[in-house]
Amino acid sequence: MRLSKSFVPTLKEVPNDAVVASHVYMLRAGMIRMLSAGIYSFLPLGYKVIKKISQIIREEMDAIGGQEFHLPGLNPREIWEETNRVDAFGDTMFHIKNREYILAPTHEEIMTFHARNVLKSYKDLPQIWYQIQTKFRNEARPRSGVIRGRQFLMKDSYSFDATAEELDKSYSLHDKAYRNIFDRCDLKYFVVGASSGAMGGTGSEEFMVKSDAGEDTVAYCEHCTYAANVEVAQSKILPNKRSEFSSELKEISTPNVKSIDELCAFLKIDESQCAKSRVYIHDDIPLLVLMCGNDEVNETKLEKVLGGKIRPAHLEELKEITGADAGSIGPLGFKGRIIVDNRLKDANNLYSGANKNDYHIGGIDMNRDANKPEYFDLRIVKSGEECPNCNNKLEVFSAIELGHIFKLGTKYSSAMGANFLDESGKENPIIMGSYGIGVERVMACYIEQHHDENGIVWDSVLAPFQIQLISLNMKKPEVVEASENIYNELTANGIDVLFDDRIDAQAGFKFKDADLLGMPFQVIVGEKKLKDNKVEIKIRKSGERFDLDINELMSNIKKLLKS
RNA sequence: CGGGGCGUAGCGUAGCCCGGUUCAUCGCGCCUGCUUUGGGAGCAGGAGGUCGUAGGUUCGAAUCCUACCGCCCCGACCA
C-alpha cells in the first residue's frame with residue numbers, strides 16, 4: 001500500500017482526550033477516530049489489525065468445532081423479555097424509540113432462540129456456535145478509548161450440551177482455544193476464577209491482562225499463578241495471637257481521636273491491637289463489623305456471608321444506633337449482630353471505641369466481652385501479603401478483562417423452552433455455556449504491552465503490514481527507481497508492505513512516522529547507500545539497523561519474517 | 001448518576017482572574033513558489049475561527065452570569 005494514496009492520518013502531538021497508551025497510539029497512528037463518547041470508527045490501518053485478530057479467533061474457534069454465525073444487532077424486545085433480561089440490563093440496554101426493538105448487548109437469547117425446537121435430540125448435541133459481532137451497551141461512563149465503549153466488537157460463542165460432563169468438555173475446549181488465541185497474539189495474560197454474577201451459572205474464568213487502564217482489581221501470585229478478583233481473594237495472614245492473660249476492661253479518654261492511626265499514635269500501640277468498627281445495614285437492621293487495625297471491609301465477602309444486600313450506615317444514623325459518632329464505635333454494649341474478621345478470632349487485650357464520643361475501651365477480650373461474635377474472612381487483601389497457595393507474595397493490581405468463559409447451565413434454555421429428548425426419551429433443557437472475547441480489547445492490550453516512547457511495536461502476527469518501505473527522497477530518480485523496484489518485488493512475493501512514497505515528506509518525518517506506526521521491519525532506501533547498491537534495515541523492536549546488498553534483500557527479508 | 005476539569009482553525013495552545021485599537025496569540029498541519037532531503041527543513045506568500053450552543057448583564061463579552069450540549073478524569077455501576 002502506498003502511503004501517498006492512503007488514509008493514514010498520523011498525529012505528531014498527543015490528543016488532549018487520550019490518557020492511556022493504547023488510546024494515544026491508536027489515535028496517533030491513524031487507526032481509530034472517535035465519533036462520540038465510547039463510539040469509535042476504525043480507519044483502514046486499525047481495521048486491518050481487527051481483521052487479523054478476528055482471523056486468529058476464527059481459526060481457533062473453528063479448530064474446536066465452532067460454527068460461525070452472523071446475528072442481528074437489532075432484536076425484538078419480546079425475546080429478551082422471555083428471560084427477564086430487559087429488566088436485568090436496565091439502563092445498560094439501548095432501546096429503539098420508534099419500534100419495540102433493542103440493540104443487542106450480547107446474544108444468549110438469540111442463539112437459544114435458534115437452538116430451541118431445532119436441537120431436539122441428544123443426537124444433535126453437542127454444538128458450538130459463535131459469531132464476531134458488534135454489541136451495544138449504554139455504558140454510563142465509557143473510558144480508556146476502545147477499552148470500554150458503548151459499541152464494541154465481541155467474539156461470543158455458545159455451547160449446547162446434553163450433560164454436565166459434556167458441558168465440561170465444551171468449556172475446557174474453550175479454555176484451551178482462548179489460551180491459544182492470546183498466546184498467538186503475544187499477550188501476557190493470566191486467568192482468574194471468578195464468581196459468575198448476573199449471567200447465572202456454576203463456573204467461570206476470566207482472562208485478564210495487567211494494566212493501569214484496567215477496571216478490575218485482582219490479587220495475583222507470579223509464583224503459583226494464583227489469581228483472584230480482589231472481591232474474593234484471600235491471603236495467608238495470621239490471626240492475632242491470644243495473650244495468656246486478659247486485662248481488665250478500662251475506659252480511656254481519647255479526645256478527638258477518630259482514626260486507627262490516631263488511636264495508635266495516642267496510645268502508643270500497634271494497629272493490630274485495634275478492632276476497627278464499621279456499621280452496616282442489612283435488611284434494615286444494623287450490625288457491627290469488626291476488622292483488625294486498618295484492614296478494609298470487603299463488602300462482597302460480607303454480602304456473601306449475610307446473604308442479600310448491605311449498605312454502610314449513614315453518618316447521621318450512627319449516633320442513634322450506637323450512641324456515638326464514627327471514630328468512637330465499638331463492640332461493647334452494641335445491640336445487634338457482631339460480625340468479626342477472622343484475624344480477630346479469640347483475640348484479647350484489644351482497643352476499640354466505647355460507643356461514647358471521645359472514649360475508647362482497652363482490654364477487650366473477644367471471647368469474654370463481645371456479644372456472640374461471628375467470625376468470617378472479611379478482609380480486602382493487600383499487596384505483599386502471602387499467597388494462600390504458596391509462600392510467595394501476592395501482588396494486587398488492576399487488570400483488563402479480555403475474555404470470559406462461563407458455564408451457564410440451563411438458565412436460558414429453561415426460560416426459553418429450549419429442550420431436547422435424552423436417550424430415555426425424557427425432555428431436558430439444553431445445558432449451555434457462553435464464552436466472550438473483546439476483540440478491540442485484544443488490540444488495545446497488545447499495544448499497552450508492546451509500545452515505547454516512539455510508538456507501537458508490532459510483531460508480525462498482528463502488524464497491519466510486515467514492512468514499512470521508506471524512500472528517503474522521492475525527488476531523486478535513482479531513489480525512486482530503486483524503492484519502486486523493491487516495493488514491486490516484495491509485493492510480488494506476497495509480503496504486505498506499506499510504502500512511504502510521499503514526495504514532500506522529509507527523511508526525519510518519515511522515520512518518526514514509521515516508528516509511530518511500528519511495523520516490525522523498516523526498509524530504508526537512501527541516496528548514499530544506494531551508491532554501494534545497499535539499503536538499510538531497521539528492526540523496530542530492538543532498534544537494530546544494518547545494511548544489506550539489494551540483491552540479497554529478498555532472501556534476508558524472508559528470513560527475518562520467519563524469525 | 002455523584003465529584004472534579006475542560007471546550008478558542010484539522011491537532012496542540014495564548015488570551016479569560018483585572019470586560020474596550022486583539023472580532024483573536026503562537027507552534028504543527030494545509031495551499032502556492034523557490035531552495036533543501038539519513039532522524040519532526042528554510043524562506044516568501046496564502047487559506048482556514050458563528051471563541052461549544054442559547055439566553056442574560058453591559059455603551060461594549062472569547063473574557064462576567066444562567067441554562068443546556070459535548071469531551072476527559074475520579075467514583076458508583078458493570079453480563
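We name chains A, B, ... by the order of the sequence lines, and we start the count at 1 in each one. What you see is a predicted model; the values in this text were computed from it and never measured.
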Near RNA chain B, under 4.0 Å by heavy atom, which residues of residues 502-515 of chain A?
A:Q506, A:A507, A:G508, A:F509, A:F511, A:K512, A:D515

Considering all heavy atoms of both residues, which atom of A:R502 and which atom of A:D513 are nearest to each other, and what is their separation?
NH2-OD2, 3.0 Å

Rounded to whole angstroms, how far apart are NE2 on A:H404 and C1' on B:C78?
12 Å

Name the residue closer to the 5' end of RNA chain B, choosing between A:E401 and A:A18 according to the nucleotide with the nearest heavy atom.
A:A18

Check each residue of residues 169-179 of chain A for a non-hydrogen atom within less than 4.0 Å of any atom in RNA chain B, then write out the ones that pass by number, or none.
none

Which residues pass the ring pair (Phe, Tyr, Trp, His ring centres under 6.0 Å) test with A:Y446, not counting sequence neighbours?
A:H450, A:W458

Less than 4.0 angstrom from a charged side-chain N to a carboxylate O is my criterion; do A:D459 and A:K541 meet it?
no

For RNA chain B, which residues in residues 136-151 of chain A have a heavy atom at a distance below 4.0 Å?
A:R137, A:A140, A:R141, A:R143, A:S144, A:R148

Would you mind checking if A:E82 and A:R116 are paired as a salt bridge, meaning a charged N to carboxylate O distance below 4.0 Å?
yes

Base, sugar-phosphate or nothing for A:P9? Non-hydrogen atoms, less than 4.0 Å.
nothing

Under 30°, 30 to 60°, or over 60°: which ring-plane class applies to A:F397 and A:Y220, parallel, tilted or perpendicular?
perpendicular

For the P atoms, the ones on B:G7 and on B:U53, what distance do you get once it is rounded to whole angstrom?
13 Å

CZ of A:R33 versus C1' of B:C71: gap in Å, rounded?
16 Å

Closest of B:C72, B:G38, B:U36 to the A:K529 side chain is B:G38

Need one value for A:K538: base, sugar-phosphate or nothing, where a base atom within 4.0 Å counts as base even if backbone is also close, heavy atoms only.
base

A:R379/A:E296 ion pair, N-O < 4.0 Å
no

If we take the C1' atom in both B:G12 and B:C71, what is their distance in whole Å?
16 Å

Within the 3.5 Å criterion, strictly below it, is a donor on A:Y178 or A:E60 matched to an acceptor on the partner's side chain?
no

Please name the pair of heavy atoms, one in A:E440 and one in A:Q151, separated by the smallest distance, quoted to 0.1 Å.
OE2-O, 4.4 Å

Spacing of CG belonging to A:L472 relative to NZ belonging to A:K528, to within rounding of 0.5 Å:
9.5 Å

Would A:E139 and A:R150 pass as an ion pair if we require N to O under 4.0 Å?
no

Looking at B:C77, I'd like to know if its phosphate oxygens (OP1 or OP2) sit under 4.0 Å from a side-chain N or O belonging to A:T92.
no

Hey, are A:E108 and A:T106 close enough side-chain-wise for a donor-acceptor pair under 3.5 Å?
yes

For A:W129, which of A:F160, A:Y435, A:Y158 qualifies under ring-ring contact (aromatic ring centres under 6.0 Å, His included)?
A:F160

Touch check for A:L472, heavy atoms < 4.0 angstrom, all strands: base, sugar-phosphate only, or nothing?
base

Name the atoms and distances for all side-chain donor-acceptor pairs under 3.5 Å in residues 18-46 of chain A, with sequence neighbours left out.
unit_1	atom_1	unit_2	atom_2	d
A:S22	OG	A:E448	OE2	2.7
A:H23	NE2	A:Y40	OH	3.2
A:Y25	OH	A:D452	O	2.9
A:Y25	OH	A:E453	O	3.3
A:R28	NE	A:L11	O	2.9
A:R28	NH2	A:L11	O	3.4
A:R33	NH2	A:P9	O	3.3
A:R33	NH2	A:L27	O	2.5

Specify the separation, in whole Å, of atom CG of A:D17 and atom C1' of B:U13.
14 Å

Expressed as a whole number of Å, how far does the P atom of B:U50 sit from that of B:A9?
9 Å

Interatomic distance where CD belongs to A:E231 and C1' belongs to B:C77 [whole Å]:
12 Å

Check: A:E536 side chain, B:G38 base, donor-acceptor under 3.5 Å
yes

Check the distance between B:U36's P and A:K528's NZ and give it to me in whole angstrom.
15 Å

Whether the side chain of A:K476 and the base of B:U37 hold a donor-acceptor pair under 3.5 Å is what I'd like checked.
no

Please list every stem that involves RNA chain B, where a stem is a run of 3 or more consecutive Watson-Crick or G-U wobble pairs with both pairing distances under 3.5 Å.
B:1-7 with B:69-75, B:10-12 with B:26-28, B:30-35 with B:41-46, B:52-56 with B:64-68

What nucleic acid atoms does A:N473 come within less than 4.0 Å of, heavy atoms only: base, sugar-phosphate, or nothing?
base

Both A:S36 and A:L11 contact RNA chain B. Which one's nearest nucleotide lies toward the 5' end?
A:L11

Write down the distance between CG (A:L35) and C1' (B:C71), rounded to a whole number of angstrom.
13 Å

When every non-hydrogen atom of A:F182 is compared with those of A:V442, the smallest separation belongs to CE2-CG2, 4.0 Å

Residues A:K510 and A:D500 bridged, charged N to O under 4.0 Å:
yes

Quote, to the nearest angstrom, the P distance that separates B:U36 from B:C73.
47 Å

In whole Å, what is the span from the CG atom of A:D216 to the C1' atom of B:C77?
12 Å

Pick the C1' atom in B:A61 and in B:G55, then give their distance to the nearest Å.
13 Å

Span that lies between the C1' atom of B:C31 and that of B:G15, in whole angstrom:
28 Å

Can you tell me if the side-chain N/O atoms of A:N16 get under 4.0 Å from OP1 or OP2 in B:U13?
yes

Heavy atoms under 4.0 Å, any strand shown: does A:M34 hit a base, just sugar-phosphate, or nothing?
sugar-phosphate

With P as the reference atom in both, quote the distance from B:C18 to B:U63 in angstrom, rounded to an integer.
14 Å

So which nucleotide from B:C72, B:G38, B:G12 ends up closest to the side chain of A:E13?
B:G12

P spacing across the pair B:G20 / B:C65, given as an integer number of angstrom:
15 Å

Could you state the atom-to-atom distance from CD1 of A:I310 to P of B:A76 in whole Å?
14 Å

Does the pair A:K210/A:E395 count as a salt bridge with the N-to-O cut at 4.0 Å?
yes

Would you say the side-chain atoms of A:H404 and A:E205 include a donor-acceptor pair closer than 3.5 Å?
no

